[in-house]
Amino acid sequence: MSIILIPFSILLLDLIRRDFRFRKGSVEFMPFGIAAVFFGIIAMFGKTLQLKELTLMEQFLLSCKGLGFYLWKFFAPTGLTVYQPQFSPVTIAAPESIIAIVMVLALIVAAWTVRKRFPLFTFGLALYVLSVAPSFMNFWKKGTLYFASDRYAYIGIIGIALAAVTIVLPLLDRISTRMRAIIGTILLVIMTGTSFAQAMTWSDSAALYTRALKLHPDFSVAMNNLGAAQYQNGKKEEALATYERARATDPTLTSASVNIALYWRKEGDPQRAMEAIQAGLQAIPEGRPAFDEEIKAWNILGLLYDERGMHEEALTAYRKAVERAPESADAHYNLGVTAQKYGLLPEAREHLALYLALKPRDLEARYRLAAVQAETGMLPDAVKNLRIILYEDPEYQNAEEHLERIMKMMEQ
């Protein structure tokens, strides 16, 4: 997402160098600018929850903190990890907020003051801000606040490096070639060593999340992800303990309850699996937006009920998933298939149709819908769906045979 503002950086460079000619610049800039705006608008549609959950002041303060964090870590790259969660309240009176605002204001003043003498310094800082700015829409993720994520600074670092070099190079001209070589060698050795050490923290998922927890011991999302990595590595009991710790740290973290439930289901204890799912669902705060993990929890609960022959409870769970997330294709599919299984054909028809509106290329779901339509007397609709299936896959199961049978019924 950071790349979408690069065209504006090119325009800014021309303006700072006073080399912008409107006719020529417009021709060069417009195609890339229009594409950037278009993809930026698309990206914004996926960030509407953050706009609802955070105030403008909170987003401003987190933006300042993020800008200050990335800049500081360029010169002192310690304490880096995949996520940088925000645990403390976001208020303008907080010392970290005041420091961040002062740092950002100092950058603005510096960039404006030296814009004529060191235009590349101003451009470098502007490129940094433009590159990092799109990440300001990623502070809020599934109920957790993050003021920064290290990967968002990759492009912005180019701007910081340009600004720094613009200031440092004139100073280096004042010292001898030998001294420059010594300084360069020392910096190269330091950066090589720190880069190698940091790369080791990304050697695998377990190392990555262990590192995150070393820096942020109460980071429940990292705990849950570490548990998943442990489970994949065959450390099942360790994984369960990590899942439990994540849920104890944050009872509203539904994904931890889901992982605990899946653990017990695979261990052949559906009762414990159901209890884990139910505990996670009961902990969800009132009025919270529906997350994917929550919908997954309702669907798994429905599956567990279904496996134990508790038909009404299974249907209730699947209906709750649809109620919480009517845009979820999986929720509609699970309810449609289960309703068909229990002979609730009108309900099955409704939700299979809603599923296909979201995923029209699923031939298995379309075949199920055609069967339900045929059973409920909607023969023309069943014929239409069977023809679509045969158009996509002429050899699909018994679709041709069923189509011929329905056609004969319609002729009688």
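For this chain, numbers begin at 1 and follow the sequence in order.
In this structure, the ring pair (Phe, Tyr, Trp, His ring centres under 6.0 Å) partners of Y396, at least two apart in sequence or on a different chain, are Y367. Among residues two or more places apart in sequence or in another chain, the salt bridge (Lys or Arg N to Asp or Glu O under 4.0 Å) test is passed with R308 by none. Taking E404 as the reference, E400 meet the side-chain contact (heavy atoms from CB on, under 4.5 Å) condition, with sequence neighbours excluded. The salt bridge (Lys or Arg N to Asp or Glu O under 4.0 Å) test applied to E275 returns no partner, not counting sequence neighbours. When the salt bridge (Lys or Arg N to Asp or Glu O under 4.0 Å) test is applied to R324, the partners found at least two apart in sequence or on another chain are E294. By the salt bridge (Lys or Arg N to Asp or Glu O under 4.0 Å) test, D306 pairs with K341, sequence neighbours left out.
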Practice prompt. Evaluate the side chain to side chain donor-acceptor pair (under 3.5 Å) criterion for residues Q230 and T242: first the C-alpha distance (whole Å), next the side-chain angles of each, then the deciding distance (0.1 Å), finally the verdict.
Written response: CA-CA 9 Å; Q230 291 169 333; T242 306; 2.6 Å; yes
Item to complete: Take R265 and L303 through the test side-chain contact (heavy atoms from CB on, under 4.5 Å) and record every step on the way to the result.
Response: CA-CA 11 Å; R265 180 172 180 262; L303 174 63; 3.6 Å; yes
Discussion item. Set out, in order, the CA-CA distance, both residues' side-chain angles and the distance that settles side-chain contact (heavy atoms from CB on, under 4.5 Å) for L56 and E58, then state yes or no.
Written reply: CA-CA 5 Å; L56 288 176; E58 288 172 331; over 6 Å; no
Discussion item. Under the criterion side-chain contact (heavy atoms from CB on, under 4.5 Å), I'd like the reasoning laid out for T55 against F60: C-alpha separation, chi angles, the key distance, then a yes or no.
Written reply: CA-CA 9 Å; T55 65; F60 169 74; over 6 Å; no
Worksheet entry | Q397/H402 under side chain to side chain donor-acceptor pair (under 3.5 Å): CA gap, chis, key distance, verdict | CA-CA 10 Å; Q397 293 184 14; H402 289 169; over 6 Å; no
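Contact check for I98 versus I92: no side-chain heavy atoms found under the 4.5 Å cut-off. Contact check for V129 versus L107: no side-chain heavy atoms found under the 4.5 Å cut-off. Considering only heavy atoms from C-beta on, L208 stays 4.5 Å or farther from D204 through its side chain. The closest side-chain heavy-atom distance from I167 to F118 is below 4.5 Å. Within the 4.5 Å cutoff, side-chain heavy atoms of L281 are placed close to those of I284. With a 4.5 Å cut-off on side-chain heavy atoms, Y154 and I158 do not count as touching. A heavy-atom distance below 4.5 Å is not found between the side chains of K236 and K266. Put simply, the side chain of F147 does not reach to within 4.5 Å of the side chain of V90, judged on heavy atoms.
A donor-acceptor contact shorter than 3.5 Å is absent between the side chain of Y128 and the backbone of A153. With hydrogens and angles disregarded, a donor-acceptor distance shorter than 3.5 Å links the side chain of S328 to the backbone of A331. The closest donor-acceptor contact from the side chain of Q86 to the backbone of S88 lies under 3.5 Å. Remark: side-chain polar atoms of D393 are paired, donor with acceptor, to backbone N or O of E395 under 3.5 angstrom. A donor-acceptor pair under 3.5 Å links the side-chain atoms of T194 to the main chain of M191, judged by distance alone. Panel note: side chain S257, backbone I277; no donor-acceptor pair is recorded below 3.5 Å. Checked by atom type and distance alone, the side chain of S195 never pairs as donor or acceptor with a backbone atom of T192 at under 3.5 Å. Of the possible polar contacts, none joining the Y318 side chain to the V337 backbone as a donor-acceptor pair under 3.5 Å is found. With N398 contributing its side chain and E401 its backbone, the two residues share no donor-acceptor pair below 3.5 Å. Under the 3.5 Å distance criterion, the side-chain polar atoms of T249 are left unmatched by any main-chain donor or acceptor of D218.
A salt bridge between R366 and E392 is absent, with no side-chain N of the basic residue lying under 4.0 Å from a carboxylate O of the acidic one. Looking at R319 and E347, a side-chain N of the basic residue comes within less than 4.0 Å of a carboxylate O on the acidic one, giving a salt bridge. The pair R247-E244 meets the salt-bridge criterion, with a side-chain N (NZ, NE, NH1 or NH2) lying under 4.0 Å from an Asp/Glu carboxylate O.
Closest heavy-atom contact between A148 and F69: CB-CD2, 3.7 Å. Across all non-hydrogen atoms, the minimal contact from T210 to A206 is OG1-O, 2.6 Å. Across all non-hydrogen atoms, the minimal contact from T81 to Q198 is N-NE2, 4.4 Å. Minimum interatomic distance between A276 and A261 (heavy atoms only, all atoms of both residues): CB-N, 3.9 Å. S255 and N224 get closest at one heavy-atom pair: OG-ND2, 3.1 Å. The heavy-atom pair separating L61 from T91 by the smallest distance is CD1-C, 3.4 Å.
Each of N385, V383, L390 was compared with R387 under the side chain to side chain contact (heavy atoms under 4.5 Å, CB included) criterion, and only V383 meets it.
Evaluation of the ring pair (Phe, Tyr, Trp, His ring centres under 6.0 Å) test over residues 252-281, restricted to residues two or more places apart or in two chains, returns none. Note on residues 344-365: pairs passing ring pair (Phe, Tyr, Trp, His ring centres under 6.0 Å), not counting sequence neighbours, are H332-H351, Y333-Y355. Applying the salt bridge (Lys or Arg N to Asp or Glu O under 4.0 Å) definition to pairs two or more places apart or across chains, none involves residues 69-92. Among pairs with a residue in residues 96-108, those fulfilling salt bridge (Lys or Arg N to Asp or Glu O under 4.0 Å) read K65-E96, at least two apart in sequence or across chains. Judged as a ring pair (Phe, Tyr, Trp, His ring centres under 6.0 Å), not a single pair has a partner in residues 86-112 (not counting sequence neighbours). Among residues at least two apart or in separate chains, there is no salt bridge (Lys or Arg N to Asp or Glu O under 4.0 Å) pair with a member in residues 119-128.
With values rounded to the nearest 0.5 angstrom, I183 atom CD1 is found 6.5 Å from L172 atom CG. Interatomic distance, Y305 OH to L315 CG, rounded to the nearest 0.5 Å: 12.0 Å. Here L369 contributes atom CG and D381 contributes atom CG; the two are 8.0 Å apart, rounded to the nearest 0.5 Å. Separation of atoms CZ (F219) and OH (Y209) is listed at 8.5 Å; rounding is to 0.5 Å. Once rounded to the nearest 0.5 Å, the distance linking CD of E293 with CD1 of I300 reads 10.5 Å. Expressed to the nearest 0.5 Å, how far CG of L379 lies from CZ of R405 amounts to 12.5 Å.
Between the side chains of D250 and T252, a donor-acceptor pair is found at a separation under 3.5 Å. Between Q373 and R349, the side chains place no donor N or O within less than 3.5 Å of an acceptor N or O (distance only, hydrogens not considered). Looking only at atom types and distance, the side chain of D330 has no donor-acceptor partner in the side chain of N299 under 3.5 Å away.
Proximity of the aromatic rings of Y146 and Y83 is defined here by a centroid distance below 6.0 angstrom, and this criterion is met.
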